Amino acid sequence: MESWITPSSLAILRVLVALAPLPDLSQFVHQLATPLTAFPRLKEGVFLYKNAINPYSGGPFRHSPIQLLLFSTILPTGPLAPLLWAAADILGAWCLVQIFRIRGGSIDASRERQIALFYLFNPYTFLSTTALSTSTFDNALYMLAVLFACKRRPAASMLALAVLTTSSLTSLLLLPPLALLLISSPKSGLLYPQPFTAKLQSTVPVVARYFAYLVALAAVSTLVVGDWSWVARTWGATLTLPDVTPNPGLWWYFFTEMFDHFRPFFLMVFSVHLIAYVAPICLKFQHDPLFATVVLQGLFATFKAYPSLADPGLFVNTIAIFPEVFPYLRHPVVTTMLHLYSSLLLVLFHNLWLVQGTGNANFYYASTMVFGLANGFAVTDLIWAGLRAAFGRIPDGWEVTQT
Amino acid sequence: MKWLIPVCLFGAACAAAERFDERLVLTALPDGNVLGHWTFTTTLGHDLSHAQHYTLFPLGLGQTLNVHGASELHLALNAGQWDYKLWGSPPEPSVASGAELWTWIRASNTTQADERWVGLRNALAGVFCASLGSLDDQRTTTPALSFKPSVQLPLGKHQLRHATLPAEHVCTENLTPFIKLLPCKASAGLAALLNPHVLFSAPFHGLSVHYTHGVLKLAVQAVFTPPRQDWSLNTLLDRSIAAACTVASSSILSFVAAGTQLDPQPSTEVNGALQYDLASATFPFEVTVRHPVNTISSHRRTSPSVSLRRTMTGSAQYAGGLLVQLENARNETVRVSYLETLPWFVTLYLHTLEIRVNDDPRRRIDLLERLSYVPPRAPAPTTLEPILRLPPLSRVTMRFQLERAFMLYTQFPPDAQRGWDLPPAILTVLPASTSTHSERVYGKTLLADLPTPDFSMPYNVALMTLMLCGYWFSEVFRIITRKFVVEPA
């Protein structure tokens with residue numbers, strides 16, 4: 001019965017779904033897209049650019065100049081756009097299946113089927129793709145960067161990461177774990193941790209390559225736009241949060257209610273908070289840098305400046321490649337239930353506040369708190385399971401705890 | 001001391017060149033109201049930058065305009081809604097509700113123009129007791145097409161600044177300094193008829209100040225509701241003129257209402273308007289208007305050929321649409337320039353523009369001749385100026401999608417739930433040839449309801465968010481730093 005469900009047939013199904021007329025998802029716009037990824041803003045920027053108005057001189061456009069260049073020349077924004085987005089999703093799913101194969105070393109058809117199914121039809125990422133949010137491309141580029149790192153191809157991996165950084169500045173913090181992954185092995189080190197043997201000096205050319213690509217892309221962006229106005233409007237948005245449009249994240253309401261006097265300080269605190277996770281996680285999971293990458297991506301999805309549902313969606317999709325830790329998760333049901341509960345609440349309270357007018361902003365803020373709780377549970381449970389997996393099965397009557 | 005003689009002669013010559021004219025036109029409107037239009041014109045005879053020895057020209061205003069390099073200035077303070085269909089084209093075209101100030105400033109670059117603009121509006125705020133200082137970055141635009149200078153500007157580079165404040169009220173504290181700018185104040189001449197009680201309870205009332213190259217025109221226009229069908233100056237305005245203004249070169253009271261009986265008899269009739277010359281009148285001066293039995297005479301003023309209607313559509317607080325309807329009543333194609341200056345928190349999506357004619361479902365982007373667009377960049381507003389070609393006798397509809405921004409706690413005014421005023425749209429009928437004047441039609445101000453955060457919660461929000469972040473931070477670091485032990489369950 002299950003033999004027809006292969007990753008390829010799922011891809012075809014995904015394309016068919018993309019072509020089908022779906023209901024208007026514009027009422028979910030604040031969950032599925034952010035000011036950095038929303039499709040109407042992309043269309044507006046392309047329109048202004050084509051009419052010789054600098055889209056970064058004002059207005060709602062905050063996409064990267066690379067996306068502006070691509071969408072104003074070769075990529076479609078009209079009726080063919082859903083196909084392009086579905087293709088990006090399929091690419092991400094394919095990358096994830098390849099990563100799973102490289103990590104596992106052998107082909108496990110049923111698991112691959114599940115991985116492809118979850119990536120293509122996970123509501124978080126599926127609905128984001130249907131809403132034509134460019135976070136789909138961010139996710140696909142992330143998967144490409146990780147896949148090339150697993151295949152020990154530093155040039156391709158760093159190029160993918162550099163392109164990803166032009167649209168999502170937080171991805172810069174994924175450089176350390178990916179660099180470690182490039183110089184070591186993607187194979188599972190969780191069950192039998194080995195000390196880190198590769199020389200750290202060999203990351204220097206990798207890092208240098210990344211920054212060279214980034215500088216080149218920045219130069220191309222400046223050529224496309226004509227001046228440096230794009231830096232403040234795209235990367236500056238992640239650092240200074242000029243647009244406090246609601247999203248499932250934690251930053252927007254905090255900085256809405258923040259007095260002007262404290263704003264710079266707390267912007268610095270929230271950014272440093274993200275940076276603070278990188279070194280400890282990389283150090284602790286040096287025996288399995290792929291795991292460290294996924295854990296860090298999960299933390300960034302929870303705490304970054306402009307998250308949408310696609311970011312925790314990507315995290316949930318990628319934990320599927322670690323089946324060895326699933327028996328050691330302490331509260332998977334609680335996490336799943338919290339995710340289900342908070343995703344429904346997000347939609348409901350958003351509607352009550354902004355469409356019906358019977359609720360207020362606190363309702364939606366509370367649902368983002370619960371969503372943050374759900375994401376935090378998911379990440380910390382994964383970290384615990386990743387460390388606990390090294391102990392393996394413990395005889396009855398004993399348990400593994402922390403002092 | 002011989003040098004004093006030429007100086008005195010020069011001063012006398014300058015003073016002799018100054019001239020003050022006043023005029024009041026009362027028009028009976030078709031709906032029974034009476035339109036009163038006062039104009040007080042002081043002509044300097046030379047440019048302001050010459051010797052500032054004025055006799056009739058108000059010194060405070062002259063100094064203000066000179067210091068800030070305003071070569072042309074138009075200020076209007078209005079309240080009420082001007083009905084273009086019933087009352088026709090207003091004698092003073094700026095009928096936007098609230099305050100509107102536009103000026104051509106002589107400046108060599110944008111920075112100097114901005115500095116002079118700040119100084120000018122703050123000085124005018126002091127002169128007229130209006131909060132014109134609030135016409136700041138959030139409300140100032142530089143439209144490219146709609147506000148051309150009405151006369152040739154003097155030599156030098158000039159820049160245009162335009163700002164509106166729809167929520168500004170006009171009341172006695174604006175009228176009093178306004179009257180102080182007149183030579184005779186309110187004690188003699190037509191300014192004596194300006195009764196604040198009656199003026200500010202009129203359905204429409206407005207004060208305007210126009211300065212163009214040596215000519216200062218102060219105007220008051222108001223639409224009064226007479227208490228009875230037969231009215232007099234005393235019953236309509238509750239004032240009478242005690243004496244004539246002796247420094248006025250001409251002081252004329254005009255009635256435009258065919259078929260009425262005026263008592264006393266008017267001295268002249270010019271173009272259907274019955275005129276009284278106050279220089280040769282008896283004082284206290286009083287005129288009574290009587291309508292013949294069973295008739296009401298009125299004068300239908302010409303309406304503008306294009307009318308404008310603008311609404312916001314959509315029920316969600318964060319997004320919606322803007323619907324603009326332009327009706328061309330003329331039997332020929334009319335070119336209009338539509339000026340929309342939306343504040344930064346309302347973002348228009350230009351790529352969603354749809355233009356349709358009457359009930360035709362086809363999109364008529366060919367009617368759009370040219371589009372001048374300055375995108376909003378907080379705090380600067382959007383400046384959108386399309387030039388449209390309206391087909392004869394048609395209704396052209398423009399539709400945009402828009403998004404309303406979420407603002408910070410500190411950016412909201414004290415009455416945040418009232419909403420934000422969107423300045424009126426200004427339609428300029430572009431003249432077919434250079435000889436005819438361009439006509440301006442003002443739309444209504446709209447109220448944009450922006451989503452508000454909870455204003456009682458700054459500490460609670462900071463507390464809860466930081467608690468969540470801190471809790472997960474500590475949880476992650478607890479798991480990765482503590483030692484694992486295997487112990488009995």
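Worth saying up front: this structure is predicted, and the values here are computed from it rather than measured. In the text below, chain A, chain B and the rest are named by the order of the sequence lines, each starting its count at 1.
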Can you confirm whether more than 12 heavy atoms, excluding those of B:Arg370, are under 6.0 Å from its CZ atom?
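Counting neighbours around CZ of B:Arg370, 12 or fewer heavy atoms of other residues, nucleotides or ligands fall under 6.0 Å, so no.
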
Please indicate whether B:Arg399 has more than 12 foreign heavy atoms, meaning atoms of other residues, nucleotides or ligands, lying under 6.0 Å from its CZ.
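No, the 6.0 Å shell around CZ holds no more than 12 heavy atoms from other groups.
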
Contact class of [X] relative to chain B, heavy atoms under 4.5 angstrom:
| X | answer |
| --- | --- |
| A:Val269 | neither |
| A:Phe262 | neither |
| A:Lys43 | both |
| A:Phe363 | neither |
| A:His261 | neither |
| A:Ala276 | both |
| A:Phe266 | side chain |
| A:Ile394 | side chain |

Below 30° counts as parallel, above 60° as perpendicular, anything between as tilted: where do the rings of A:Phe47 and B:His351 land?
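The rings of A:Phe47 and B:His351 sit tilted, inter-plane angle from 30° to 60°.
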
Please work out whether the ring planes of B:Phe473 and A:His273 are parallel, tilted or perpendicular, with thresholds of 30° and 60°.
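Tilted.
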
Could you give me the CA-CA distance, side-chain angles and deciding distance for A:Val355 and B:Gln317, then say whether side-chain contact (heavy atoms from CB on, under 4.5 Å) is met?
CA-CA 6 Å; A:Val355 178; B:Gln317 274 198 328; over 6 Å; no

For a quick test of reading the model, state the closest non-hydrogen atom pair linking [X] to [Y] and the distance between them.
| X | Y | result |
| --- | --- | --- |
| B:Pro375 | A:Ser57 | CG-OG, 3.4 Å |
| A:Phe254 | B:Ala462 | CE1-CA, 3.4 Å |
| B:Ile480 | A:Pro280 | CD1-CB, 3.8 Å |
| A:Glu257 | B:Val461 | CG-CG2, 3.9 Å |

Could you check whether any side-chain heavy atom of [X] comes within less than 4.5 Å of a side-chain heavy atom of [Y], counting everything from C-beta outward?
| X | Y | result |
| --- | --- | --- |
| B:Leu350 | A:Glu44 | yes |
| B:Tyr318 | A:Thr245 | no |
| A:Leu48 | B:Tyr373 | yes |

Taking every non-hydrogen pair under 4.5 Å, which of [options] racks up the most with chain B?
| options | answer |
| --- | --- |
| A:Asn375, A:Asp243, A:Asp260 | A:Asp260 |
| A:Ile383, A:Leu373, A:Asn54, A:Ile281 | A:Leu373 |
| A:Ala361, A:Gly376, A:Pro242, A:Pro55 | A:Gly376 |
| A:Phe255, A:Phe303, A:Trp353, A:Tyr277 | A:Tyr277 |

How many angstroms lie between [atom1] in [X] and [atom2] in [Y], if you round to the nearest 0.5 Å?
| X | Y | atom1 | atom2 | value |
| --- | --- | --- | --- | --- |
| B:Asp454 | A:Asn362 | CG | CG | 4.0 Å |
| B:Tyr409 | A:Thr256 | OH | OG1 | 12.0 Å |
| B:Ser372 | A:Ile53 | OG | CD1 | 8.0 Å |

For residues 395-403 of chain A, which side-chain donor-acceptor pairs fall under 3.5 Å, sequence neighbours excluded?
unit_1   : atom_1 : unit_2   : atom_2 : d
A:Thr401 : OG1    : B:Glu487 : OE2    : 3.2
A:Gln402 : NE2    : B:Ile479 : O      : 2.8

Before giving the answer on side-chain contact (heavy atoms from CB on, under 4.5 Å), spell out for A:Met258 and B:Leu408 the whole-Å C-alpha distance, their side-chain angles and the decisive distance to 0.1 Å.
CA-CA 8 Å; A:Met258 179 58 52; B:Leu408 303 179; over 6 Å; no

Name the member of [options] that forms the most heavy-atom pairs with chain A at distances under 4.5 Å.
| options | result |
| --- | --- |
| B:Ser315, B:Pro451, B:Cys469 | B:Cys469 |
| B:Ala319, B:Ala316, B:Pro376 | B:Pro376 |
| B:Met407, B:Arg478, B:Gln401, B:Arg377 | B:Arg377 |
| B:Thr481, B:Asn460, B:Leu466 | B:Leu466 |

Would you mind checking which part of [X] comes under 4.5 Å of any heavy atom in chain A, side chain (CB onward), backbone (N, CA, C, O), both or neither?
| X | result |
| --- | --- |
| B:Leu371 | neither |
| B:Glu403 | side chain |
| B:Phe477 | side chain |
| B:Thr382 | neither |

Dump the intermediate steps for ring-ring contact (aromatic ring centres under 6.0 Å, His included) on B:Phe484 and A:Trp384, then the final yes or no.
CA-CA 11 Å; B:Phe484 281 86; A:Trp384 165 269; 5.3 Å; yes

If you apply the rule side-chain contact (heavy atoms from CB on, under 4.5 Å), what do you find for A:Arg41 with B:Tyr349, and how did you get there?
CA-CA 8 Å; A:Arg41 292 180 184 239; B:Tyr349 283 86; 3.5 Å; yes

Quick one, A:Phe377 with B:Trp472, criterion ring-ring contact (aromatic ring centres under 6.0 Å, His included). Give me CA distance, side-chain angles, the key distance, then yes/no.
CA-CA 8 Å; A:Phe377 265 121; B:Trp472 290 122; 5.3 Å; yes

Any side-chain donor near an acceptor of the partner, A:Tyr365 and B:Thr465, under 3.5 Å:
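Yes - a donor-acceptor pair under 3.5 Å links their side chains.
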
